[in-house]
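All remarks here apply to the structure that follows.
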Amino acid sequence: MRCWDLFCRVVDNYGDIGICWRLARQLADLSGEGEDQVRVRLWVDDLESFARLCPAISPRLPVQGVAFIEVCHWSADFPSVDAADVVIEAFACELPPTYIAAMARRATPPVWINLEYLSAEDWVEDCHLLPSPHPTSSLKKYFFFPGFTPGTGGLLRERDLMRMRLAFDAAAEAVFWQSIGIPPRANAELRVSLFCYENPAVPELLQGWAEGPTPIRVLTAPGAATEQSSQWLGRELVVGRSVQVGALTVHAIPFLAQDNYDRLLWSCDINFVRGEDSFVRAQWAQRPFVWQIYPQSEDAHFVKLEAFLSRFLHEVSDPTAISECWRAWNGRGRISFAWPNYVANLAQIRRYGEVWACQLDHAENLANNLVRFVREQL
Ligand code: TRH
């Protein structure tokens with residue numbers, strides 16, 4: 001049995017803890033034997049944000065056990081603890097100096113890994129698993145890059161995800177809608193989830209939907225999606241209530257527990273997602289999705305966006321329906337011009353998403369890749 005310490009700082013938003021929580025659960029769920037068995041301790045500096053994704057978390061407890069994981073509050077006065085066999089520093093979150101000293105004191109140095117952000121760019125394969133010596137000790141840190149190709153660390157995916165996704169049929173979907181207080185689907189209604197950063201294209205998209213020929217119910221996530229929808233409507237949206245304008249019904253939903261957010265993605269016809277984790281989950285959902293990438297200064301994020309588009313659309317004969325819509329959603333082009341072509345091709349886009357997810361499913365998942373790498377180092 002090996003002990004793994006996973007460190008997570010919530011910088012902003014939910015991606016940091018969303019990814020760390022998935023990784024912790026997937027590591028704890030590995031069916032390894034002997035030394036490949038994993039005991040996970042997760043250090044998180046912001047338990048309030050964590051509790052939104054996982055309601056079983058109590059923000060007041062310094063130490064608690066959830067889903068076979070020891071969850072510890074990472075407070076300013078870090079306790080004196082023994083360092084684990086494997087240490088994962090998520091997104092260069094900077095480990096406490098006393099913990100680094102404990103790592104250096106071990107007879108066998110721990111395998112120290114910095115988990116990086118996901119990117120579809122080519123350079124990722126060259127940098128994946130590069131070591132970096134620590135300046136004042138004999139410790140070494142490895143950079144572990146998630147990615148879409150076999151030369152990278154792969155993607156987070158539960159070992160039974162595709163089976164669970166397949167088992168989620170129309171009856172399960174109906175139960176899910178009822179559980180979050182959404183009425184059954186009306187005939188021909190298009191159901192859309194909307195999770196985004198502040199985005200100038202939101203009002204234009206809502207206006208187009210309200211004036212369009214298809215009945216659409218949009219489920220807005222807390223934050224920018226609900227706030228911008230409220231502004232467009234000229235009245236505050238109340239969670240659980242719907243407002244109708246023309247063909248559009250806007251319905252604000254609460255922040256869902258992470259597993260329920262997955263079910264939401266599985267249940268909608270189109271998902272607007274953002275950042276990293278919801279973007280990956282939308283791919284596993286096998287439903288058409290539109291990605292708003294995390295914006296960076298000097299438009300650096302467009303390089304990442306295009307890198308993903310060229311991988312994703314590699315085998316699509318006419319990629320413009322998707323690429324024009326995604327670019328417009330990210331500020332390049334008009335969403336009202338791109339949307340009609342997108343929605344006209346929805347059936348094909350959906351079929352293509354299924355093929356894409358099956359291709360990704362053939363690759364090893366991130367947790368298994370991590371365990372294999374650790375085994376090679378120790
Ligand atoms: O919240 P995000 O914008 O996180 C981002 C990205 O990770 C980005 O790369 C990083 O640099 C930045 O944070 C700091 O989007 P993301 O990555 O999709 O994470 C959202 C998480 O919240 C994801 O795990 C899904 C979860 N979620 C729920 O559990 N319930 C919900 O109702 C919603 C809307 C999201």
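In what follows, residues are counted from 1 in the order of the sequence shown. When a ligand or atom number is given, it counts from 1 through the structure's own listing order. Hydrogens, waters and symmetry mates are skipped; everything else that's a heavy atom, side chains included, is used. Remember, predicted model here, so these are calculated numbers, not experimental data.
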Need the list: ligand 1 N/O atoms against protein N/O atoms, distance under 3.5 Å, rounded to one decimal.
unit_1: ligand 1; atom_1: 1 (O); unit_2: Tyr14; atom_2: N; d: 2.9
unit_1: ligand 1; atom_1: 1 (O); unit_2: Gly15; atom_2: N; d: 3.3
unit_1: ligand 1; atom_1: 1 (O); unit_2: Arg274; atom_2: NH2; d: 3.0
unit_1: ligand 1; atom_1: 3 (O); unit_2: Tyr197; atom_2: OH; d: 2.6
unit_1: ligand 1; atom_1: 3 (O); unit_2: Arg274; atom_2: NE; d: 2.8
unit_1: ligand 1; atom_1: 3 (O); unit_2: Arg274; atom_2: NH2; d: 3.3
unit_1: ligand 1; atom_1: 4 (O); unit_2: Gly15; atom_2: N; d: 2.9
unit_1: ligand 1; atom_1: 17 (O); unit_2: Glu276; atom_2: N; d: 2.9
unit_1: ligand 1; atom_1: 17 (O); unit_2: Asp277; atom_2: N; d: 2.8
unit_1: ligand 1; atom_1: 18 (O); unit_2: Arg274; atom_2: O; d: 3.1
unit_1: ligand 1; atom_1: 18 (O); unit_2: Ser278; atom_2: N; d: 2.8
unit_1: ligand 1; atom_1: 18 (O); unit_2: Ser278; atom_2: OG; d: 2.6
unit_1: ligand 1; atom_1: 19 (O); unit_2: Gly15; atom_2: N; d: 3.4
unit_1: ligand 1; atom_1: 24 (O); unit_2: Gln258; atom_2: NE2; d: 3.0
unit_1: ligand 1; atom_1: 24 (O); unit_2: Asp277; atom_2: OD2; d: 2.5
unit_1: ligand 1; atom_1: 29 (O); unit_2: Leu256; atom_2: O; d: 3.2
unit_1: ligand 1; atom_1: 30 (N); unit_2: Leu256; atom_2: O; d: 2.6
unit_1: ligand 1; atom_1: 32 (O); unit_2: Leu256; atom_2: N; d: 2.8

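Between Arg327 and Glu324, at least one side-chain N (NZ, or NE/NH1/NH2) sits under 4.0 Å from a carboxylate O, which counts as a salt bridge.
Aromatic ring centres of His128 and Phe144: separated by under 6.0 Å.
Both cation-pi conditions hold for Arg9 and Trp74: the charged atom is under 6.0 angstrom from the six-membered ring centre and inside a 45 degree cone around its axis. Both the sub-6.0 Å distance and the 45° axial angle are not jointly satisfied by Arg52 relative to the ring of Tyr14.
Counting only heavy atoms from C-beta outward, the side chains of Asn114 and Glu116 approach each other to under 4.5 Å.
Side-chain contact, Ser58 with Gln64: no donor N or O sits under 3.5 Å from an acceptor N or O.
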